[in-house]
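Input: a single structure, listed below in structure tokens.
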Protein chains: 2
Amino acid sequence: MRQSKQQFREYLVRKGLKTTKQREIILDAFLRASTHPSTEELFLKIRRKHPTVGYATVYRTLKLFADCGIAEERNFGDGQTRYEWTGDERHHDHLICTRCGAILEFEDADIEKLQQQVAFRHGFTIASHRLELYGTCRRCTGKS
Amino acid sequence: MRQSKQQFREYLVRKGLKTTKQREIILDAFLRASTHPSTEELFLKIRRKHPTVGYATVYRTLKLFADCGIAEERNFGDGQTRYEWTGDERHHDHLICTRCGAILEFEDADIEKLQQQVAFRHGFTIASHRLELYGTCRRCTGKS
DNA sequence: TTTTAAATTGAAATTCGTTTTCACTCAAAC
DNA sequence: GTTTGAGTGAAAACGAATTTCAATTTAAAA
Ligand SMILES: [Mn+2]
Ligand SMILES: [Mn+2]
Ligand SMILES: [Zn+2]
Ligand SMILES: [Zn+2]
């Protein structure tokens with residue numbers, strides 16, 4: 001939170017970019033959004049309080065967040081690019097319910113370790129990875 | 001190969017669809033394509049020998065392949081939907097070189113097992129999953 | 001403070017892969 | 001053969017992502 005704001009500020013300075021009202025509004029909204037918002041979702045949320053902020057600005061600013069490291073792009077297969085705050089959190093992967101869209105997070109050190117081993121065996125150097133488990137969540141399985 | 005052709009033929013009959021020259025051409029080309037072709041790549045390859053086959057037909061036919069189970073849609077983050085022959089192969093995941101685009105395949109029973117455990121812990125029923133490791137392959141790492 | 005150069009903005013236009021439409025063609029059942 | 005519904009290719013439509021551009025704003029320089 002506080003940390004991410006600082007990080008973004010430093011990034012702007014380092015790159016010779018400018019602090020603007022819009023960027024502050026968008027960063028606040030992004031940090032307040034708990035989920036994995038898409039550009040459009042965040043834009044719509046912001047628009048309520050700040051009707052003058054444009055979609056393009058939200059789009060560009062989210063790119064900046066990703067570039068400076070406080071956010072990561074995600075793609076869960078629903079056709080929208082989503083952004084996730086990386087904050088001071090640890091890495092995690094996702095369980096996605098294809099019924100209700102719920103997204104659960106998990107981390108599993110053993111899986112991560114095995115991934116490294118697989119990569120090593122193939123002479124690969126891993127820069128990133130994506131692991132997503134699709135299925136039905138407890139609640140949706142119950143309903144059936 | 002032979003098996004997949006049969007499977008597709010049966011699928012067409014079952015669904016009341018028709019056998020056409022185009023579908024045979026496209027299936028042959030798809031089975032001959034060793035990689036993970038995108039719709040466009042396959043279309044371009046086919047066009048050399050069969051300039052009259054349209055993009056829309058390739059697109060629709062690949063959807064049919066996926067529907068009947070002889071192919072699966074893939075999405076490696078390059079913005080193109082790719083198709084992979086599922087033939088009589090087993091499930092596998094992918095290592096993707098972000099430098100040269102090379103795609104290596106691997107399977108790891110231990111990882112799969114751990115995935116199931118994670119899902120179970122969260123009350124999830126897994127229908128499918130995607131695991132992709134992005135990085136640089138041996139050759140590209142060498143070049144630097 | 002005023003000036004200035006460069007970055008930023010919002011709206012609209014553009015891009016690009018995907019998907020649909022439509023008039024015409026063809027497969028296959030009768 | 002005739003009939004009929006599925007299939008085809010070209011072009012249009014679509015939707016999200018990205019770029020363009022004239023006007024505005026930031027912040028460094030004067
Ligand atoms: Mn997450
Ligand atoms: Mn593969
Ligand atoms: Zn659910
Ligand atoms: Zn490589």
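A, B, ... follow the sequence lines: proteins, then strands. Residue 1 opens every chain. As a basis for the values below, the full set of heavy atoms in this structure was taken, side chains included, without hydrogen atoms, waters or symmetry mates. No experiment lies behind these values; they were computed from the predicted model shown.
Taking atom CZ of A/F43 as the reference point, atom P of D/dA17 lies 13 Å away to the nearest angstrom. Rounded to an integer number of Å, the gap from CD of B/Q80 to C1' of D/dA17 is 15 Å. One can place CD of A/Q22 at 17 Å from P of C/dA7, the figure rounded to the nearest angstrom. One interatomic measurement links the two molecules: CG of A/L62 to P of D/dT18, which rounds to 11 Å at whole-angstrom precision. The distance between atom OH of A/Y11 and atom C1' of C/dA7, rounded to the nearest whole Å, is 13 Å. The CG atom of B/L12 sits 15 Å away from the C1' atom of D/dT8 (whole-angstrom rounding). One interatomic measurement links the two molecules: NE2 of B/H50 to C1' of D/dT8, which rounds to 16 Å at whole-angstrom precision. The distance from atom CD1 of B/I46 to atom P of D/dT8 is 12 Å, rounded to the nearest whole Å.
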Inset, instruction - Applying ring-ring contact (aromatic ring centres under 6.0 Å, His included), run through A/F65 and A/F30 and close with a yes or a no. - result: CA-CA 10 Å; A/F65 292 169; A/F30 178 61; 5.5 Å; yes
Inset, instruction - Walk me through it: do A/D108 and A/H92 pass the test side chain to side chain contact (heavy atoms under 4.5 Å, CB included)? - result: CA-CA 8 Å; A/D108 190 300; A/H92 61 254; over 6 Å; no
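Salt bridge status for A/R130 with A/D93: absent, with no side-chain N to carboxylate O gap under 4.0 Å.
Taking the nucleotide of DNA chain C with the nearest heavy atom to each of B/R82 and A/R23, the more 5' of the two is matched to A/R23.
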Inset, instruction - Going 5' to 3' through nucleotides 19-28 of chain C, assign each nucleotide B (protein heavy atom under 4.0 Å from a base atom), S (under 4.0 Å only from sugar-phosphate atoms) or - (no protein heavy atom that close). - result: BBB-----BS
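A/S38 comes within 4.0 angstrom of nothing in the nucleic acid, heavy atoms only.
Remark: A/R74 CZ is packed, more than 12 non-hydrogen atoms of other residues, nucleotides or ligands lying under 6.0 Å away. Within 6.0 Å of the CZ atom in A/R47, the count of heavy atoms belonging to other residues, nucleotides or ligands does not exceed 12.
The one candidate from A/E41, A/E105, A/E72, A/Q80 that meets the side chain to side chain donor-acceptor pair (under 3.5 Å) condition with A/H36 is A/E105.
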